[in-house]
Amino acid sequence: MSGRIQAPRGTFDVLPAQASERAEVEAVARRVLERAGYGRIETPTFEATELFSRGVGESTDVVQKEMYSFHDGGFTLRPEGTAPVCRAYVEHGMHKLPQPVRLWYLSTFFRHEAPQAGRFRQFWQVGAEALGSDDPAIDAESILLLAELLEEIGARGLRLRLASLGTPETRLSYRAELAAYLRSHEEQLSPEVRARIALNPLRAFDSDDPGTQAVMANAPLLIDRLTASDAEHFQEVRDLLDDCDLVYDVDPTLVRGLDYYSRTVFEFTSSELGAQSGVGGGGRYDGLVEMIGGPPTPGCGWAAGVERILLASDHPAVAPPPVDLFVAYSDTKYRRPAFSIAAEARRARLAAQVELAGRSLKGQLKQADRIGARFVAIVSEDGTLLKDMESGEQTLVQGSVVAMVLRGRGGAGL
RNA sequence: GUGGGCGUAGCUCAGCUGGUAGAGCUCCGGAUUGUGGUUCCGGCGGUCGCGGGUUCGAGCCCCGUCGCUCACCCCA
């Protein structure tokens, strides 16, 4: 096995057996998003590294330790989709289009992390971004669309958590307040939390250490520090979601790992998943476009992991495409006419296959049965027989095999 | 980067206190001098992840190493 080359760690092959369910995710995403006015966008697989260091945030784990960057040229395999979409928005002058501009994508992303259940180094995300409006209806609609998408695919055990982060200034001062609070109770905190006070004090809310939990029960909450306009914005988002009967929990401790979020943030989790329970999430990022060199432009969107959606869903067996005709032959000397018949059938828009593995006639019939062929043409010295695989009837072909199949396909027999 | 679990045929796995590899599924062929499901029979397929060590002898014991996997961290 030493000389065998394997797929790189954290990557996977999508085999035919899994291709159909993934195609289904794409089909549902297209349906749900395009009927809401979203247009598809695809951006390059790699971008200038600076797009992510500036957009996603220099201090985030994603930028600090998870980027696949090339040794020269200053490029990085995209670790997420929002910054590239914003880059494209600016680059193509989309601010001159009617706003908001709504875009969706389904692409691969790359992060150098330790692989785990539902976490890969190359993974697929479906995402939606709406740029150019700070209307809370954008936030609410965006969330509803992700809910719709997950529901239509059949993801189970879903829960929606919702919060507001306010403005970057609010967050900054809150962060300082929280850090000060943590330091004043330092002796009760777990060592891990204590070590992360300066780095990421918000994480203290997620700790399962009893001492830390006791401290956090009385900790100040960001949601109580929102400005009046941010609080009002958040309330409007909630009202709109309530009107649509979407169930959610307001979770003041909801943390997003990317720096660009402001105001609304949300995350769908699934109980069907392991430790990586997040199926998809997102929020508003009103400062991002400006941060990467564009005009001040509000934005809101989300991304959901395709692999996680599939893990959280039942995978209904997708029926293989029907096969109209399988062409068999009794002896290799009839291979050429058999080959021609199959080719002609495909030109006539039939799903047709010819024996390609040198099987015995019995083996060929078995193969035809296996792939669910409706008809089998058997070429032999007696001419060509057309066998109806449902009834078992065989007819000697006069003239064109393809014409007979086309005639017989609609009805029960020939 | 740290810790737990696991690495035996393409897949799922068995292999008792160490005696030099098995099953089921899949695939191919035969039973039906050319025709599909089921059943029966046969065949293809493995340097037991890799490298050392102990032993007369290692899939099994010891050490190392690589890989997979789950979890921490973080995130989709």
Side-chain angles (χ1 to χ4, degrees), chain A residues 1-12 15 17 25 56 59-66 79-82 106-127 146 150 155 190 192-193 195-196 199-200 202-203 206-208 254-258 267-270 273-282 301-312 326 328-332 334 355 357-382 385-394:
Chain A
M1 299 282 187
S2 51
R4 201 151 98 174
I5 297 171
Q6 294 176 275
R9 187 172 169 76
T11 68
F12 53 88
L15 303 178
V25 170
V56 174
S59 66
T60 59
D61 273 18
V62 169
V63 168
Q64 275 196 347
K65 50 187 195 193
E66 296 171 4
E80 61 98 51
T82 303
L106 179 72
S107 324
T108 44
F109 297 91
F110 306 84
R111 291 184 200 170
H112 190 106
E113 300 182 82
Q116 208 177 309
R119 193 170 75 184
F120 304 92
R121 290 184 168 184
Q122 177 181 343
F123 55 99
W124 293 74
Q125 280 189 171
V126 54
L146 179 51
L150 294 172
S190 75
E192 299 79 43
V193 171
R196 298 181 61 81
L199 203 63
N200 194 347
L202 288 161
R203 280 288 159 199
D206 297 336
S207 173
D208 40 19
L254 179 59
V255 176
R256 306 247 83 224
L258 312 181
E267 180 174 63
F268 282 87
T269 56
S270 169
L273 270 42
Q276 309 304 317
S277 61
V279 180
W302 48 258
V306 170
E307 290 73 37
R308 292 195 187 169
I309 291 174
L310 290 171
L311 278 174
F326 184 88
Y329 46 87
S330 63
D331 187 282
T332 45
Y334 302 111
E355 170 61 18
R359 272 179 276 253
S360 67
L361 188 58
K362 174 179 172 149
Q364 295 178 60
L365 266 294
K366 190 174 176 176
Q367 172 66 7
D369 188 61
R370 197 153 39 201
I371 64 174
R374 180 72 180 77
F375 294 99
V376 175
I378 303 166
V379 186
S380 72
E381 60 267 32
D382 305 326
L385 285 167
L386 189 61
K387 177 172 177 130
D388 182 324
M389 291 296 275
E390 277 173 29
S391 65
E393 272 177 65
Q394 296 189 168

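No hydrogens, no waters, no symmetry mates; every other heavy atom, side chains included, goes into these values.
Distance check on atom C1': A58(B) versus C48(B) gives 11 Å, rounded to whole Å. Taking the P atom of each, G49(B) and C44(B) are spaced 23 Å apart, rounded to whole Å. Across the C1' atoms, G24(B) and U17(B) are found 28 Å apart, a figure rounded to whole Å. The C1' atoms of C68(B) and A76(B) are separated by 22 Å, rounded to the nearest whole Å. Taking atom P in both C60(B) and A9(B), one finds a spacing of 15 Å when rounded to whole Å.
A sub-4.0 Å separation between OP1 or OP2 of C70(B) and a side-chain N or O of Q116(A) is absent. Residue R119(A) places no side-chain N or O under 4.0 Å from the OP1 or OP2 atom of C73(B). Within the structure, a side-chain polar atom (N or O) of R359(A) is placed less than 4.0 Å from OP1 or OP2 of C28(B).
Using a 4.0 Å heavy-atom distance criterion, A114(A) is classed as a base contact. S360(A) comes within contact range of the sugar-phosphate backbone alone, with a heavy-atom separation under 4.0 Å but no base atom that close. Residue contacts shown for E80(A) are absent, as no nucleic acid heavy atom lies under 4.0 Å away. Contact annotation for K362(A): base contact, defined as any heavy-atom pair under 4.0 Å involving a base atom. As judged by a 4.0 angstrom heavy-atom cut-off over every strand, E66(A) is placed among residues touching the sugar-phosphate backbone only. A368(A) comes within 4.0 angstrom of no nucleic acid atom, judged by non-hydrogen atoms across all strands. Residue L385(A) is in base contact, counting any heavy-atom pair closer than 4.0 Å across all strands shown. Across all strands shown, E381(A) has heavy atoms under 4.0 Å from base atoms, whether or not it also approaches the sugar-phosphate.
Judged by distance alone, with hydrogens and angles left aside, Q364(A) brings no side-chain donor or acceptor close enough to the base of U35(B) to form a pair under 3.5 Å.
For the pair V279(A) and G274(A), nearest-nucleotide mapping onto RNA chain B gives the more 5' position to G274(A). The nearest heavy atom of RNA chain B to Q125(A) and to A117(A) marks one nucleotide each, and the one closer to the 5' end goes with A117(A).
A distance of 13.5 Å separates OH in Y329(A) from OG in S380(A), rounded to the nearest 0.5 Å.
At least one side-chain heavy atom of R111(A) sits under 4.5 Å from a side-chain heavy atom of V62(A). Proximity of L365(A) to L361(A): side-chain heavy atoms (C-beta onward) are separated by under 4.5 Å at one or more points.
Remark: P of A76(B) and CZ of F123(A) are 8 Å apart, rounded to the nearest angstrom.
Salt-bridge formation is not detected for the pair R121(A)/E113(A): no Lys NZ or Arg NE/NH1/NH2 atom is positioned less than 4.0 Å from an Asp or Glu carboxylate oxygen.
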